[in-house]
Amino acid sequence: MRVLTAEQMRELDRRTIEEIGVPGVVLMENAGRAVADVLCHEYADLSPGPVLILCGRGNNGGDGFVVARLLLDRGWQVETLLLAEADQVVGDAAVNLRALRNRHGKITVVVDEESLRTELARCQPKLVVDALFGTGLNADLRGHATMAVAWINAFAGPVVAVDIPSGVAAGSGRQLGCAVRADVTVTFAAPKLGHLLHPGAELRGELRIVDIGIPQRLAEDLDESCFWLTAEEARSLLPDRPCCGHKGTFGHLLLVAGSRGKSGAAVLAAKAGLRSGAGLVSVAAPGSQQPIIAAAVPEAMTEPLAEDQGKIAAAAADALSRLTVGKQALAIGPGLGQSSSIRSLVTRLLGDWKGPLVLDADALNVLADATEILRRHGGEPLVVTPHPGEMARLLGTRVAEVEADRPSAARDFAMRRGVVVVLKGAPTLIASPSGEWAVNSSGNPLLATAGSGDVLTGLIGGLLAQGLNSFAAARLGVYLHGAAADRLRCRIGDAGMLAGELATEIPSTRQALKGG
């Protein structure tokens with residue numbers, strides 16, 4: 001599902017009005033009607049109200065005037081507070097303000113904190129609609145608007161936001177001073193970035209996306225392509241499982257992982273590779289760790305390598321190169337450790353291996369000052385799976401700067417280095433070298449536990465071994481990873497998941513996604 005910025009939404013509105021010939025007032029009517037429909041469906045038990053609609057002077061307020069008029073037509077007791085002088089309302093919003101007045105709707109103008117305090121103390125609604133500020137807001141809220149937001153957030157009943165909660169930046173999800181916390185947000189045509197990125201994702205409540213008459217084909221002409229990675233898209237990425245297939249049909253993943261004290265990372269990645277549906281998984285690890293890994297994952301093949309102080313030694317390079325023969329994909333990094341030998345091994349593998357490859361953890365850390373070698377000339381791009389700290393090292397910046405604009409960090413690095421970036425976090429972002437990127441819809445705080453990143457690496461590696469291209473494997477892997485945690489959350493709650501449980505949950509998650 002395509003995701004829009006505020007600027008893109010304005011462009012779609014403009015083209016619908018100017019090129020298609022749908023008047024703006026019709027789009028506003030459609031938007032208000034869609035919100036009214038959601039209210040009547042979701043909160044039928046609260047009819048006939050009373051309901052309070054707080055409106056601003058712009059188009060978001062205009063949508064609110066339509067909602068007020070249509071709810072009146074359906075028998076609700078509606079009161080509208082306009083937080084601006086009536087003569088400040090212009091254009092299509094003014095048309096709908098007049099229509100509400102002509103319908104004898106109760107409209108109270110409040111232009112300062114004292115009058116707003118008086119009106120809010122008088123009102124006793126069962127439902128509140130936030131139509132103060134929409135996707136065009138780009139400055140911190142101030143004055144009596146902040147009082148209105150505080151009152152809404154203290155309201156004990158349900159709150160429905162029109163398009164986006166007031167105070168949330170549509171392009172970033174950032175809170176502009178203060179912001180409404182909604183139970184339901186009804187947005188138009190497509191989700192906006194502010195709905196999906198935190199803290200906006202927490203403030204929106206349940207998201208309802210409604211059609212208001214903007215042709216879908218117009219969105220296809222937009223330059224920047226961002227998508228919301230939902231179950232529907234993830235389902236379309238699932239690889240085929242022919243009934244006549246055998247273990248060779250479904251690919252052989254070579255995992256280069258583990259060091260003294262970190263064999264668990266290799267175990268988790270290997271389990272996830274197998275649980276992904278890959279036919280075969282081999283783990284190349286330091287010789288001292290091989291018995292531990294073999295005992296923990298007897299289904300995987302293990303290859304002991306020469307070691308130096310508990311890590312794979314530089315002398316293992318030739319043996320490791322031979323192990324890549326006959327493999328469909330490589331995954332390098334979980335628990336590998338950092339040393340000059342590890343850097344040399346990873347660098348050589350990047351030069352020798354031209355097939356699908358995912359790099360994580362220490363394999364990224366040892367290359368933080370040499371990221372230019374990640375670019376491939378021909379063939380599938382590498383997949384890199386950094387958390388924010390690793391992303392900061394790759395970019396040569398601070399974690400705070402990565403977190404301040406996660407989409408730019410992921411997209412810019414993906415395009416500059418020609419890789420697929422999986423920037424882990426809430427939410428996880430997946431960016432391709434072409435500039436296309438996705439925001440994951442699955443996952444929850446259960447994933448904030450040791451080893452969950454190792455599971456993701458093995459899962460993506462296993463999907464690469466099954467023949468998915470880099471961007472598809474990264475997207476499907478990220479979605480399944482989060483969806484498995486969502487299934488576990490239903491059973492165990494918000495905390496205490498073991499990463500091994502996450503790996504075990506992958507097959508049933510995949511089957512549920514498939515629809516079986």
Side-chain angles (χ1 to χ4, degrees), residues 4-10 13 24 27-28 31-32 34-35 52-68 80-94 96-97 100 107-113 115-116 119-120 128-155 159-205 207-208 210 212:
L4 300 177
T5 64
E7 294 76 14
Q8 288 173 329
M9 189 65 210
R10 284 195 292 272
D13 279 338
L27 293 178
M28 188 171 286
V35 175
L52 176 65
I53 302 178
L54 292 96
C55 295
R57 66 184 185 184
N59 285 343
N60 197 248
D63 297 334
F65 301 143
V66 176
V67 175
T80 303
L81 294 186
L82 171 59
L83 273 67
E85 297 286 3
D87 60 7
Q88 293 179 308
V89 180
V90 298
D92 297 332
N96 280 295
L97 177 57
L100 178 57
I107 306 166
T108 304
V109 173
V110 288
V111 294
D112 55 44
E113 292 186 6
S115 59
L116 179 61
E119 292 302 323
L120 292 176
V128 167
V129 176
D130 163 32
L132 290 170
F133 301 98
T135 58
L137 184 68
N138 56 17
D140 285 0
L141 298 186
R142 63 180 189 273
H144 63 318
T146 63
M147 178 184 290
V149 170
W151 182 89
I152 292 172
N153 288 342
F155 176 64
V159 174
V160 176
V162 176
D163 208 6
I164 196 165
S166 292
V168 172
S172 67
R174 188 166 63 89
Q175 183 172 298
L176 297 171
C178 60
V180 166
R181 182 176 293 277
D183 296 287
V184 173
T185 294
V186 184
T187 197
F188 313 128
K192 316 306 182 294
L193 281 174
H195 295 133
L196 310 183
L197 303 178
H198 292 280
E202 299 170 78
L203 295 168
R204 75 170 198 237
L207 187 62
R208 301 283 188 271
V210 296
I212 61 169

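Only heavy atoms go into these numbers, but all of them, side chains included; no hydrogens, no water, no symmetry mates.
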What heavy-atom pair brings V66 and G32 nearest, and what distance separates the two atoms?
-> CG1-CA, 3.6 Å
Check whether any side-chain heavy atom of V89 sits under 4.5 Å from a side-chain heavy atom of N96, and report yes or no.
-> no
When rounded to the nearest 0.5 angstrom, what distance separates CZ in R57 from CG in L83?
-> 11.5 Å
Taking all atoms of both residues into account, what is the closest heavy-atom pair of I164 and A170, and its distance?
-> CD1-CA, 3.7 Å
Between V180 and P165, the two heavy atoms sitting closest are O-CB, 3.3 Å
L82 to F65 - nearest heavy-atom pair and separation | CD1-CZ, 3.9 Å
Side-chain donor/acceptor of N153 to backbone N/O of R181, under 3.5 Å = yes
M28 CE to F188 CZ distance, which is reported to the nearest 0.5 Å | 9.5 Å
Report the distance from atom CG of N60 to atom CG of L54, rounding to the nearest 0.5 Å.
-> 11.0 Å
Just how far is it from atom CG of L52 to atom OG1 of T80, taken to the nearest 0.5 Å?
-> 7.5 Å
Within the distance-only criterion (no hydrogens, no angle test), does the side chain of D130 pair as donor or acceptor with the backbone N or O of S166 below 3.5 angstrom?
-> yes
Validation row: V35, D63 side chains within 4.5 angstrom (heavy atoms) | no
Apply the test side chain to side chain contact (heavy atoms under 4.5 Å, CB included) to residues L203 and Q175: give CA-CA distance (whole Å), side-chain angles for both, the deciding distance (0.1 Å), then the verdict.
-> CA-CA 9 Å; L203 295 168; Q175 183 172 298; 3.8 Å; yes
Separation between CG of L116 and CE of M147, rounded to the nearest 0.5 Å = 6.0 Å
Taking every heavy atom of A179 against every heavy atom of V168, the minimum-distance pair comes out as CB-CG2, 3.9 Å
Pair listing, side chain to side chain donor-acceptor pair (under 3.5 Å) test, anchored in residues 189-202, at least two apart | T187-K192, H198-E202
Evaluation steps, side chain to side chain contact (heavy atoms under 4.5 Å, CB included), between L197 and R174 = CA-CA 8 Å; L197 303 178; R174 188 166 63 89; over 6 Å; no
Taking all non-hydrogen atoms of both residues, which atom of A201 and which atom of L196 are closest, and how far apart?
-> CB-O, 3.6 Å
Could you pull out all donor-acceptor pairs under 3.5 Å where a side-chain atom in residues 131-139 meets a protein atom, sequence neighbours excluded?
none

Between N59 and D13, does a side chain to side chain contact (heavy atoms under 4.5 Å, CB included) hold up when you go through it step by step?
-> CA-CA 12 Å; N59 285 343; D13 279 338; over 6 Å; no
